[in-house]
Structures are given as structure tokens and as C-alpha cells.
S.K.: 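One structure follows; several queries about it will come next.
A note on names: the letters A, B, ... follow the listed sequences, proteins ahead of strands, and every chain is numbered from 1. Computed from a predicted model, the values in this text were never measured in an experiment.
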There are 2 protein chains.
Amino acid sequence: MTETVAAPPEASPCSDESAHAVSLAVSTVIFALRPHPTTGESTLWLPLVRRIRDPYRGSWALPGGPLEPHEDLAASARHTLERTAGLTPRHLEQLYSFGAVDRSPGGRVVSIVYWALVRADEVASAVDGENVQWFVADEVPQLAFDHNDIVTYALARLRSKITYSPIAHAFCADEFTLGDLRAVHEGVLRRRLDPANFRRQILAGGSVVPTGRCVTGTSHRPPALYRSQHRAPTPEEQP
Amino acid sequence: MTETVAAPPEASPCSDESAHAVSLAVSTVIFALRPHPTTGESTLWLPLVRRIRDPYRGSWALPGGPLEPHEDLAASARHTLERTAGLTPRHLEQLYSFGAVDRSPGGRVVSIVYWALVRADEVASAVDGENVQWFVADEVPQLAFDHNDIVTYALARLRSKITYSPIAHAFCADEFTLGDLRAVHEGVLRRRLDPANFRRQILAGGSVVPTGRCVTGTSHRPPALYRSQHRAPTPEEQP
DNA sequence: GGACTTCAAGTCAGAGTGACCCTTAGTGGG
DNA sequence: CCCACTAAGGGTCACTCTGACTTGAAGTCC
């Protein structure tokens, strides 16, 4: 059962014994863009679930669950997303695995964490109830386990990756203007971007293709519509 | 035991049941620099262990073992390194977690994989025996499980990260010349680098500090010695 | 002493970026 | 109907970074 066994002495204990002690969970940090409740500016939100059992009963925590034997890691994250937000992710990526011995009082738990991007308008409001609630990503309360660290790490990864990878498209509709895309970047990075420079960079990157159509009735000059260019990501962009 | 439980119905099965089915292993891709057997140029090597049981009995595989309940993930990787190469890593970092359902015939195994950098001259030759053998990283044979994919991924990560992070220092002694450091980069990237440009970039990066001393008896102009500058890594450099 | 090697420092053209300006094309108000 | 306003779209300019290249410095070896 042990997958890889080094030659030396104690290298091959019966892994069935230890399997009892370490359990495996898959959690997911789900990001969506919505207006900030006070400033109104587009900001990152994420859903949290209230724990209904010890430890940390009553605390908010990242959605997730134990890994089922029949499902892949990403599939598990996808199922969590389905339960929590009622939709399928536009972007799903493994973040990191957290396995400190003392991270879960009462039992050894290793969490493989994914992060996902979803479109806010697709979120089924039905799931937003007593035990599932959306929070501004930078203003989450005290969470169970080491989940605050995980959220911080996921935020850093997202903000880093959006600068060199076209993941922002995941927040946009099929067709979008460069203004839409820039609003996504600004919401994620919490910083205004120069429209002209942003345009230049995006067009040079080749991740978008013009559809030839424009948006009409915009109270100003009609912006051109673009579509995401589905190209194979370069190895450097992986992470 | 389930760490995070979403509200809905089937979200909380007894995790003790599933704990039997999924076992957790930690494997490590260990890199060292040594001369290539034919070309003589400095190249990446890694140790593999021969499997002594099914599945894949007799095949070469990444060193690793089951996660012990009392040890952290990185500690487990460190122990593997100790067993396999007989030393402590200069650099150790989590690579990725692999958990496809069918990746291990005969039982569901999730592998959390780390990668490490060690100095070749520190490797105890004692461990290089019947069941542990070093291979040129780009010329590994057919491996057990999905370990070829893992090696490829680890190589890509190392080659990508060395360009923006001072991890190359891990391959160097406490004091080193810029020529030494450049040789490390060239060995990893399998490409000649312009000495002058390399010098300029490294010095601009601020990751090294001059010791004031020089190497003597070098058959040419004596190069200055530098020391690694231990600075806190920026968040961008983390993943 | 001259050939040879690497270290060290500088030059130069091209690409990319941030800051800024200006024109364009629409809406809406007086 | 004209003008203010807004955002799109296009361009300039200075600065930085990079790759390619040149030159001088400081040793050893023959």
C-alpha cells in the first residue's frame, strides 16, 4: 500500500496502521467579484461555511470535505464548489497542501487546498443561507484551524498570478470589453490601472481576440468586444 | 474528524470509513549537480529507489514513504532525504500533490511531493547502492506510477524558479565566486550564460554580498568571493 | 615575455513599462 | 442645437531591463 519505499530499515511499516491516524480533506478557496458593501468598488469575496461540530463548532471555515476514494482531488474540489456556490468553476487550481501536526485539534488532518474563480452573477443565492455566507476576502473573521493563513496565501497567489496569466478572463462573460477586464484586475489588485497602458499590455499579450462587434448605448464611445483566446499555457505559467 | 464540513446532506460521512481507502505518502525529488557522465558538463542528478514490492516491483521510483502521524509534511520529506542521500537539504519546498484515482494500481494513494536541492559533495556515497541509485535528471528511465510526470514537473519548476529566485545558492558553498554561481545556473538551465550579463543581474538583485576576499591560485585573474544574502523572500517568490 | 584564461567593467540597440496627452464617439443637459 | 462629460482608443516620452558585444585587468603556463 505504501507507494514508494526506500530501502533502509524502518522504511516500510504497515501503512494500514498509520492510515487510521491521518485523514485527508480537500478544501477550496472560492473567489468571486462583487461590489464592496461600503465603498461599492468591485472586490473579492469568498464563501465560508459554519462548522456544525467540534472542533471549532460555530466558527467559519473554508468549504471542503474528506476525499472520497472514488474521486480525484480536483473533482473533490469541484463537488465542494457545487455544494457551496451551486456552480462550476471558471478556473480551478491546486493551491497547496497543509499538514502541520497540530493544525487540527483532535485528529491529524492533511488538507489539500484548491482555489477557484467563479462569476458572481452565476452564484445561486439559494445556498447563501444560515451556514454558508459570503465575506469580503480581505475582511474575513477569525476562522477555524489555519484557514486564515490559507486565505491569505490564496489571495497572494491570485494577485500574483493575475499579473502574468490570463486568469482574469474567468471573471468575465464570454464577450467582454477591455474596460470590463480592467475592472477585474483593479478589483483583484485593489489598485487603479492606467487604461491606455492596460490596453497595450493585454493586446500585446495575445490572450484576447476582437470579435468585431461593439457595445452600444454606453453613454460614451462604444467599446469593442473581445473574446478569450484559448491557447495552451506555457510551462512558465503553470505555477 | 472531518476538518471542514459543508452544510448540505451528504457532506459528513464518517471519515473513519474513507480513511481506510485513501492512504497518504510523501515523496521527494532530490536534485544535485554533478558532471554529466559523457559530456562532463555540470548537470542535474536525482536519486531513485528500487521498489521491493508490488505494484511496480523492481521499478525505479521516487524516494518517499507514508506520512507518519507525528511528523509534518516537510519533516517527512526531510526524513526521506536523510534515508536516501544521507544529508539535510539546502532547499526544500513543496511541489504539488498528486491524487488521480488510478495512479496507483492496487490502492488509492495520494502523494504530496516535495523537491529539494542538495550539494553533491555532501552526498554520502554509502547510500548509493543496490536499491538507491543516482540518475541524470533528464535521462531517468521508465518509473513507477506517475513518477515520470512528477520528475518532469519538478524539473520545470526548478528551471523556472532559478530565474527569479536565489535558490541557486543552495548548490554553492558558503562562499562562492560569481563564476561558481553561473556554473550552477548553466547546469540547471543547460544553457551557456553571458558572464558579464549574469554578473550584472546577480549584483543588481542584491542576493549576494561581497566578502572582500578573493580566490588565489586560479590560473587567471583572481575572482572575488561572495556570500549569500539572507533576506526575507518576497511574497511573489513563494510559489 | 607572450599566449591564454577568466574576471570585471562598460557600451549599445531593442523591448517593455509607467506617466501623460490627445482625439474619437457616444450620451445627456441647458 | 450646442456644449459638457465620459470612456475608448491611439500615441509620445523617459526610464529600465536585457542580450550581444567590446575592452581592460590580473593572474598562470609555456
S.K.: Name the residue from B/Ile150, B/Thr28, B/Ile112 that meets the side chain to side chain contact (heavy atoms under 4.5 Å, CB included) definition with B/Leu95.
M.R.: B/Ile150
S.K.: Does a donor on one side chain sit under 3.5 Å from an acceptor on the other, for B/His36 and B/Glu139?
M.R.: yes
S.K.: Measure up the B/Trp115 and B/His91 rings against each other and bin them: parallel (under 30°), tilted (30 to 60°), perpendicular (over 60°).
M.R.: tilted
S.K.: Write down the distance between CD1 (B/Ile202) and P (D/dT18), rounded to a whole number of angstrom.
M.R.: 11 Å
S.K.: What is the separation between atom CG on A/Asp180 and atom P on D/dA7, rounded to the nearest whole Å?
M.R.: 13 Å
S.K.: Do the non-hydrogen side-chain atoms of A/Val113 and A/Phe98 ever get within less than 4.5 Å of each other?
M.R.: yes
S.K.: How many whole angstroms separate atom CZ of B/Arg221 from atom C1' of C/dT6?
M.R.: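 Interatomic distance, CZ of B/Arg221 to C1' of C/dT6: 9 Å.
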S.K.: What nucleotide, of C/dG10, C/dA19, D/dG19, holds the atom closest to the side chain of A/Asn197?
M.R.: C/dA19
S.K.: Which residues in residues 181-189 of chain B have a heavy atom closer than 4.0 Å to any atom of DNA chain C?
M.R.: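 Heavy-atom cutoff 4.0 Å gives B/Arg182.
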S.K.: In whole Å, what is the span from the CD atom of B/Gln201 to the C1' atom of D/dC17?
M.R.: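 So the two atoms are 8 Å apart, to the nearest Å.
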S.K.: Between atom NE2 in B/His220 and atom P in D/dC29, what is the gap in whole Å?
M.R.: 11 Å
S.K.: Let me know the distance between CZ of B/Phe198 and C1' of C/dT6, rounded to the nearest Å.
M.R.: 15 Å
S.K.: Under 3.5 Å, is there a donor-acceptor pair between the A/Asp149 and A/Thr152 side chains?
M.R.: no
S.K.: For A/Ala196 and for B/Ala224, find the nucleotide of DNA chain C with the closest heavy atom, then tell me which residue's nucleotide is more 5'.
M.R.: B/Ala224
S.K.: So, does the side chain of A/Arg199 form a donor-acceptor pair with the base of D/dG11 at under 3.5 Å?
M.R.: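 Side chain to base: no pair below 3.5 Å.
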S.K.: Could you check how far CG of A/Asp194 sits from P of D/dG10, rounded to whole Å?
M.R.: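 Rounded to whole Å, this separation is 15 Å.
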S.K.: Looking at every strand, decide which applies to B/Ala204 at a 4.0 Å heavy-atom threshold: base, sugar-phosphate, or nothing.
M.R.: nothing
S.K.: Nearest of D/dT12, D/dA25, D/dG9 to any side-chain atom of A/Arg200?
M.R.: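 In terms of side-chain proximity for A/Arg200, the closest of D/dT12, D/dA25, D/dG9 is D/dT12.
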S.K.: Would you indicate what B/Gly179 reaches in the nucleic acid, counting non-hydrogen atoms under 4.0 angstrom: base, sugar-phosphate, or nothing?
M.R.: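 Here B/Gly179 touches the backbone only, sparing every base.
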S.K.: Is the shortest heavy-atom distance from the side chain of B/Val118 to the side chain of B/Arg90 under 4.5 Å?
M.R.: no
S.K.: Could A/Arg190 and A/Glu41 be called an ion pair, given the rule that one side-chain N must be under 4.0 Å from one carboxylate O?
M.R.: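 No, A/Arg190 and A/Glu41 are not salt-bridged.
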